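To keep things clear, I will list the structure first and then write my remarks on it.
Predicted, not measured: the structure shown is a model, and the values here were computed from it. Residue numbering restarts at 1 for every chain, and letters A, B, ... go by the order of the sequence lines.
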Amino acid sequence: MAFNYEKYIRPGKLPHIWCPGCGHGIVMKGLIRAIDKCALNKNRTAVISGIGCASRLPGYVDFNTVHTAHGRAAAFATGMKMADPGLTVLCVGGDGDGVAIGGNHFIHACRRNIDITYILMNNHIYGMTGGQFSPCTPTDGFASTTPYGNPDPVFDIAKLAIGAGATFVARTTAYHATQIDKLIIEGIQHKGFSVIEILDCCPTSYGRRNKYRSVVEMMKQHKELAVPVTAAAKMAPEDLAGKIITGVLHKEDKPEYCEQYSRLIEKVQEQAAAKG
Amino acid sequence: MGIPKIEINEKYCKGCSICVEFCPTQVLQMNGFVAQVVKPEACIKCMQCELRCPDFAIRVFPE
Ligand SMILES: Cc1ncc(C[n+]2csc(CCOP(=O)(O)OP(=O)(O)O)c2C)c(N)n1
Ligand code: SF4
């Protein structure tokens, strides 16, 4: 049966502003299906973003939404979650927003293991501002600010998140549409900081400069390069070069920040009461 | 089982052609900058077009 997205979209907001073929719309649909399957209460769900094309997402969806400052989604989300730990808090945004200007907030949210699900749409570029390179632009890739090819190495967002302390880390692509909702559901259900990296397509600012004739070509490449994590475990590292490992890459149980914080409050209150 | 109803919202479709390219049975075709249903009887109800349409423009009602 056709899925009824309209139930979760603010009236009159479609069509959205994203370019033809931009993968952000595919991710937004996956997010809506995930929230629907988790049967979350709209009024107890918050979707928070920074700035960028990807960060326009909260404007369309009918939840508690905040469109904050560039790179600051994790900081605002941390405040909201701590003030109301019963709220389901999701962050959405791009690679530029999340791991360039917002990199510091991102790693510290990972470190604290606060119960937030961060959906990072990695389209390898600053789409909104005209295609400047990001920490996720491939080495030798072209951006408006790397006209001779990008000399920089690339951030591996999943490794960064795991290293910083995130307790659920997963990856998929805009091509693998059904995996988007599956992983977001797992992320929401996981108690702790969950990062879901979605390799996304920006045909306008990235594709055009990097010899992709269409978004379809970009998505076909996602399909070809994807290796499920179970298959990757049996492959030699040299065979995995350039591949996109998909699925749940890391999951562990560690104390969650809001719970730790409320325990601390209790402890201090007990100590104060004992002193009289 | 009857032929599914496939709705394309022409106000939302931006002509990216993702649905046309990934439909395994060539049910859809581009008509200029808008996708069009040309062979609904070939639809296997896999929902690939609906899932991947970034623009909320296509809906498949299996019946
Ligand atoms: C403090 C600040 N610096 C710079 C900008 C300009 N700016 C707006 S969006 C953006 C990049 C967004 O890129 P990304 O997060 O990758 O999202 P995309 O547009 O690719 O979806 C930048 C640099 C800003 N809005 N605020
Ligand atoms: S510039 Fe890129 S990221 Fe922004 S809407 Fe267009 S395709 Fe999407």
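Proximity to chain B (any heavy atom under 4.5 Å) is shown, for A:Ile180, by neither the backbone nor the side chain. Only the side chain of B:Phe22 has a heavy atom closer than 4.5 Å to any heavy atom of chain A. No part of B:Cys13 comes within reach of chain A, as not one of its non-hydrogen atoms sits under 4.5 angstrom from that chain.
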Chi angles and distances behind the side chain to side chain contact (heavy atoms under 4.5 Å, CB included) call for B:Met47, A:Phe3: CA-CA 10 Å; B:Met47 317 299 274; A:Phe3 187 91; over 6 Å; no
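Of all non-hydrogen atoms in A:Ala2 and B:Phe61, the two that sit nearest each other are CB-CE2, 3.7 Å. The shortest heavy-atom contact between B:Ile18 and A:Val216 is CA-CG2, 4.1 Å.
Here side chain to side chain donor-acceptor pair (under 3.5 Å) pairs that include residues 93-102 of chain A, with residues two or more places apart or in two chains, are A:His70-A:Asp97, A:Asp95-A:Ser134.
Remark: A:Pro58 engages A:Val47, A:Ser49, A:Thr65, A:Val92 in a side-chain contact (heavy atoms from CB on, under 4.5 Å) (not counting sequence neighbours). Residues passing the side-chain contact (heavy atoms from CB on, under 4.5 Å) test with A:Asn43 are A:Asn41, sequence neighbours excluded.
Annotation: maximal heavy-atom pairing with chain A below 4.5 Å, among B:Pro54, B:Ala57, B:Pro4, occurs at B:Pro54. For the set A:Val27, A:Leu14, A:Ile9, the count of heavy-atom pairs under 4.5 angstrom toward chain B peaks at A:Leu14.
With values rounded to the nearest 0.5 angstrom, B:Phe56 atom CZ is found 10.0 Å from A:Ile26 atom CD1.
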Can you list the donor-acceptor atom pairs spanning chain A and chain B that come in under 3.5 angstrom?
residue	atom	partner	partner atom	Å
A:Ala2	N	B:Val60	O	3.1
A:Phe3	N	B:Glu50	OE2	3.0
A:His16	O	B:Lys14	NZ	2.8
A:His16	ND1	B:Lys14	NZ	2.9
A:His16	NE2	B:Pro54	O	2.7
A:His16	NE2	B:Asp55	OD1	3.2
A:Trp18	O	B:Lys14	NZ	2.6
A:Lys29	NZ	B:Glu50	O	2.4
A:Lys29	NZ	B:Cys53	O	2.8
A:Tyr175	O	B:Arg52	NE	2.7
A:Tyr175	O	B:Arg52	NH2	3.2

